Amino acid sequence: MVPRRSLLLSIALVAACTGEPGGGGVKITETMPSTSSTSTTTTSLTTTSPTTTSPTTTTTQPLVNVSGRVARDDGTPVPRAFVEMGEMRSLTGPDGWFSFETPAPGTMTVSKPGWSSAELMWEEGTAFYRAVIEPQTIRGIRVGAEAAQSDRLFNGLLSLADDTAVNALVFDTKQEGGRVLYDTRVSDAHRIGAVEEFYDPVERIAQAHERGLYTITRIVTFEDGQRAAAFPEDRLVGPWLDPSAPGARSYNLELAEEACDIGFDEIQFDYVRYPSGSTAERSGQRDLTQDQRVDAIGGFLREARQLLHPMGCAVSAAVFGIVVSSSNDQGIGQMPEAVSTQVDVLSPMVYPSHYSPGWLGFEDPNDHPYDVTADALASASRRMADGSELRPYLQAFWWSNQQIRRSIQAAEDAGTGWLLWNIMSNFDRAAIPTDADLGG
């Protein structure tokens with residue numbers, strides 16, 4: 001497989017006012033609507049298959065202004081979408097607006113990691129373009145280390161996806177404790193003894209993509225006993241790294257960059273928080289203000305987005321389920337409003353078995369998969385930033401097939417995708433709906 005970077009970054013990127021990372025060659029701008037321009041003709045872009053074109057440019061042609069807005073079909077603006085024409089690339093602002101000048105107008109492409117794409121040919125006399133793109137609906141299952149290692153188990157998961165509505169696989173590349181599951185190029189991982197080769201991610205990604213499956217990798221971020229022991233300056237307490245420590249951040253970003261480069265479609269950061277429970281009482285994080293904790297987590301995710309978006313990868317974060325229903329950060333630095341501002345997808349872990357007795361008036365919330373899931377998603381949806389999607393982790397353990405289906409139905413009724421969590425990747429076909437069941 002050709003590394004993603006050689007495909008997407010053959011021309012280095014230059015940051016403009018957004019502070020996006022890069023080198024030289026392609027100009028990136030983030031724009032806001034112009035109140036001084038008047039549009040006489042509007043051309044709409046509609047969803048198509050992903051296409052990339054790079055018309056040859058010359059320096060003798062007059063510059064042509066190209067501007068417009070990227071939105072969903074319902075009119076909701078889409079921030080941080082790429083609008084490209086030849087060697088010009090514009091990044092949409094918070095209201096979905098873009099504007100740039102080019103000497104060689106031609107095919108315009110609009111894209112955002114994890115979304116559909118659109119394209120249209122430039123037309124002389126058209127002053128304003130409207131692009132419509134939509135997020136992909138992802139329905140995934142977790143591929144644990146043992147399942148990724150075993151051809152038999154992995155092929156079973158591929159077969160399960162063939163027979164059900166599953167269209168995505170969530171792999172681990174860095175697990176709890178800091179173990180890295182493949183032969184990484186990141187030297188620090190080898191230096192601290194964190195590498196234990198379970199599988200070849202390039203091979204597994206290729207197998208998944210051959211089946212048309214979307215691939216996500218989960219990177220356990222700040223719970224990392226391996227690095228905490230090797231780099232005391234990065235350690236917060238116990239096996240936890242300090243989310244504000246430059247070394248802790250750069251190490252995880254290096255792993256994320258490599259994961260994107262080798263072909264994963266989406267990079268998901270898990271344990272992207274401060275510790276909870278009794279560990280939090282010893283860490284010193286309580287001495288920080290809520291804003292300081294939230295800013296540390298948001299700042300890391302912003303760095304990740306700025307790194308990974310130009311490479312073509314979506315960015316997501318897994319968060320505690322309780323934070324979507326809480327008015328504060330629960331002491332761990334996670335608030336839906338702040339996290340969703342920085343990522344493409346927010347994945348609260350909605351596991352009713354983890355909710356306390358009395359939640360929503362239920363003696364045992366685990367006995368009420370639909371109601372607990374639906375309530376969490378309703379709470380989360382009200383707090384999501386524009387341009388970010390809600391895709392919960394759902395419980396696929398300690399339940400009957402029917403209970404799992406009820407939780408999935410709650411997500412479907414809420415209009416979200418979903419990811420099923422089972423630590424051993426032990427899924428029953430009967431627990432997962434088919435495309436026909438979902439009306440597909």
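For this chain, numbers begin at 1 and follow the sequence in order. Predicted model only: the values in this text are computed from it and were never measured.
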Taking the side chain from [X] and the backbone from [Y], do they hold a donor-acceptor pair closer than 3.5 Å?
X: Ser325; Y: Ala376; result: no
X: Asp386; Y: Pro77; result: no
X: Ser388; Y: Val343; result: yes
X: Thr373; Y: Pro369; result: yes
X: Gln395; Y: Ser353; result: yes
X: Gln285; Y: Arg293; result: no
X: Asn422; Y: Ala396; result: yes
X: Arg204; Y: Ala148; result: yes
X: Trp359; Y: Val372; result: no
X: Gln175; Y: Val180; result: no

Can the ring centres of [X] and [Y] be said to be less than 6.0 Å apart?
X: Phe171; Y: Phe264; answer: yes
X: Phe269; Y: Phe300; answer: yes
X: Trp421; Y: Phe427; answer: no
X: Tyr351; Y: Phe397; answer: yes

Distance check, rounded to the nearest 0.5 Å: [X] atom [atom1] versus [Y] atom [atom2]?
X: Thr137; Y: Glu389; atom1: OG1; atom2: CD; result: 8.0 Å
X: Asn401; Y: Ile432; atom1: CG; atom2: CD1; result: 9.0 Å
X: Lys174; Y: Leu181; atom1: NZ; atom2: CG; result: 11.0 Å
X: Leu169; Y: Leu157; atom1: CG; atom2: CG; result: 7.0 Å
X: Leu394; Y: Gln409; atom1: CG; atom2: CD; result: 11.5 Å
X: Asn167; Y: Asp162; atom1: CG; atom2: CG; result: 12.0 Å

Any side-chain donor paired with an acceptor under 3.5 Å for [X] and [Y]?
X: Asp224; Y: Tyr251; value: no
X: Glu412; Y: Trp418; value: yes
X: Gln334; Y: Arg273; value: no
X: Asn252; Y: Glu254; value: no
X: Asp344; Y: Trp115; value: no
X: Asp265; Y: Thr215; value: yes
X: Thr289; Y: Asp291; value: no
X: Glu266; Y: Ser316; value: yes
X: Tyr199; Y: Glu146; value: no

_Just so I know, are the side chains of Met311 and Glu257 near enough to count as touching, which here means a heavy-atom distance under 4.5 Å?_
yes
*Look at Asp234 together with Arg227 and state whether they make a salt bridge at an N to O cut-off of under 4.0 Å.*
yes
*asked:* What I want to find out is whether Lys112 reaches Glu84 closely enough, with some N-O distance under 4.0 Å, to be called a salt bridge.
replied: no
_Criterion side chain to side chain contact (heavy atoms under 4.5 Å, CB included) on Arg139 and Val166, from CA distance to verdict_ = CA-CA 5 Å; Arg139 302 176 175 100; Val166 168; 5.5 Å; no
Taking all heavy atoms of [X] and all of [Y], pick out the closest pair and write down the distance.
X: Gly299; Y: Arg249; answer: C-NH2, 3.0 Å
X: Gly387; Y: Pro79; answer: CA-CD, 3.7 Å
X: Gly321; Y: Pro348; answer: CA-CB, 4.3 Å
X: Ala131; Y: Val110; answer: CB-CG2, 3.7 Å
X: Gly417; Y: Arg391; answer: C-CG, 3.6 Å
X: Ala168; Y: Leu213; answer: N-CD2, 4.0 Å

*Begin from the C-alpha positions of Thr434 and Thr164 and carry the test side-chain hydrogen bond (donor to acceptor under 3.5 Å, both in side chains) through to its verdict.*
CA-CA 4 Å; Thr434 65; Thr164 66; over 6 Å; no
*For Val170 and Tyr393, run side chain to side chain contact (heavy atoms under 4.5 Å, CB included): C-alpha distance rounded to whole Å, both residues' side-chain angles, the deciding distance at 0.1 Å, then the answer.*
CA-CA 11 Å; Val170 184; Tyr393 268 107; 3.5 Å; yes
*asked:* Cation-pi check for Phe128 against Arg69: NZ or CZ below 6.0 Å from the six-membered ring centre and within 45 degrees of the axis, yes or no?
replied: no
*asked:* Asp172 and side chain to side chain donor-acceptor pair (under 3.5 Å): which single residue from Gln268, Arg179, Arg218 fits?
replied: Arg218
*Full working for side-chain hydrogen bond (donor to acceptor under 3.5 Å, both in side chains) between Tyr274 and Gln330*: CA-CA 10 Å; Tyr274 288 84; Gln330 294 290 292; over 6 Å; no
